[in-house]
*Asks:* 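Mind looking over this structure? Questions follow.
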Amino acid sequence: MGKRHSSTSSNGRSVSRNGKTVYVRRTKKRYKGVGRFVFFCVLIIVLLVGGFVAYKYLTRDNYDSKASFAKYTNNYFDETNYHNDFGEKVENIEYEKPLSIGTILPKIDDEDISADINEYIITLKSDFNEKYSDVENDDKIALLISYSTSESSKNTKSILISSEVRKESTDGKLNIIGGNVKTFNYTEKNTIELKPILVFNAGYETKINKLVSEKLKSEYGSDLTKDYKSYITSDSGYVENYELSKDEVSFDFKAGTILPVAKGNIRLVFKNSDFKDILRDTINPRGIDPSKPMVALTFDDGPNGVYTAKLLDIFEKTDTVATFFELGTNVVNVDNADELLKREEALGCEVGSHSYDHPNLFTLSDEAVAAQNKKTDDAIEAAIGHKPVLYRPPFGNGNAEISEIFGKSGILWSVDTQDWKTRNAQSTISSIKSQSTLDGKVILMHSLYKPTVDAVDEIVPYLKENGYQLVTVSELLTYKYGEDPTSNKFYGYNFFYPSNPLDK
Ligand code: ZN
């Protein structure tokens, strides 16, 4: 009674006089309801899971169709397109088995840059096809190529081309088995290639290696390869793959150098503020092209009250520059010397030291050499607000030791015009024109003679017409030789002969 009552009331649906029968029937009915419910649940789960698996399978990034491979290529692009400041995206899918190539590149207006990138891509592809030429037919190996483009606040552009080789394993995963990075850096206006020395201050290698090493340790720790340290301190040239954006300096490393290959290419990103002592304030402001010929005219023994201004008139009207190795005594005693030096700097010319009063430094004590340097520095600093970084010893009598005492790089010359001796414009002109090449050379003249001024008036247009860029000695060291002009080195007679050491 109690049971029947409780069953009936708990069920609340059909009430019967025959408690037992009703009980059994009701139990069957309940099982049926539960079974149906479970069945539908399972069905829904199966459909959901199946649908999901099918969806994942059909849409997975893989190799199985041209469309899915294109999607895979685009995913790689999304991973590596850190910046997209310029260049329209151009996609090219070469889908084949066993080797496929998916390429996404920026459309670049400048023809030279575009040609450089194309050449690089052709090499990447042919290296890939050659390296994997004898793989099995059922292998699936892909070369993926992507890019990142950025502009900096210093009028530079960077184009990173990153590529990875991925191979599909038996479980359908695509594993990274190789990679590469190359960054094309150039000035915005003149599209001149920017080697690291043109972007980072002299001595950048040690500073950048230290920053990079510290960041690698903190970001990757024990994942780093055994040899990562020797890789960054060797001449691997990883710094060339720098990228400048509006507020970051980044470096890209190809797969297998810093981390195991399977981790792919990696990128380290620094804030511009981390690089404030390393980045140059201005990057190649005069637009010097390191790949084109350049020459440095130098004038000793000034400033001269008459001829320095006449030389500057020529440089001003031709928009060219030279280097003036000045004597401290003239800076102190010549009328308007300060104005002359200021004008030299304003025109982009370089002011160097030529000692105070032209002694043979070889005959002086170290103290006397130091005094010659200091008195000249003081005079030049009073005129233009800073000390020179270069000096030229009188009579060419200098060496590494004297450079140390001066705390400057010593600069001799590779073309001696003998203008002081001949005092003849034609003779000076022919001493320059007779050189088989002037590329990378330093020409010695003096600021003291009218024939020299006349010669320069003819020589400057001649040099320009013949494709020479007129540069200062510091610019010549940086742009032609990739050297640090503040290294206190001594650049003797044999240094400035890049094209032909026997040519004089
Ligand atoms: Zn001299």
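Numbers here are sequence positions counted from 1. In listed order, ligands and their atoms are each counted from 1.
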*Asks:* Assess the pair Phe495 and Tyr481: is the distance between their ring centroids shorter than 6.0 Å?
*Replies:*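 Under 6.0 Å, so yes.
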*Asks:* Please confirm whether Phe253 and Tyr228 have ring centers closer than 6.0 angstrom.
*Replies:*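 No.
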*Asks:* Anything protein N, O or S sitting under 2.8 Å from the Zn ion (ligand 1): count it and give me the total.
*Replies:*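 With waters ignored, the protein N/O/S count below 2.8 Å is 3.
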*Asks:* Test: ring pair (Phe, Tyr, Trp, His ring centres under 6.0 Å). Region: residues 382-403. Which pairs qualify, not counting sequence neighbours?
*Replies:*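 Checked against ring pair (Phe, Tyr, Trp, His ring centres under 6.0 Å) - neighbours excluded - the pairs reaching residues 382-403 are His358-Phe395, Tyr391-Phe406.
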*Asks:* Ring of Tyr307, cation from Lys450 - is the NZ or CZ under 6.0 Å from the centre and inside 45° of the axis?
*Replies:*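 No, Lys450 does not sit over the ring of Tyr307.
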*Asks:* Can a cation-pi geometry be assigned to Lys441 and Phe496, taking NZ or CZ under 6.0 Å from the six-membered ring centre and within 45° of the ring axis?
*Replies:*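 Output no; distance or angle outside limits.
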*Asks:* For the side-chain hydrogen bond (donor to acceptor under 3.5 Å, both in side chains) test, which of Thr308, Asn336, Asp313 pairs with Arg343?
*Replies:*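 Option passing the side-chain hydrogen bond (donor to acceptor under 3.5 Å, both in side chains) with Arg343: Asp313.
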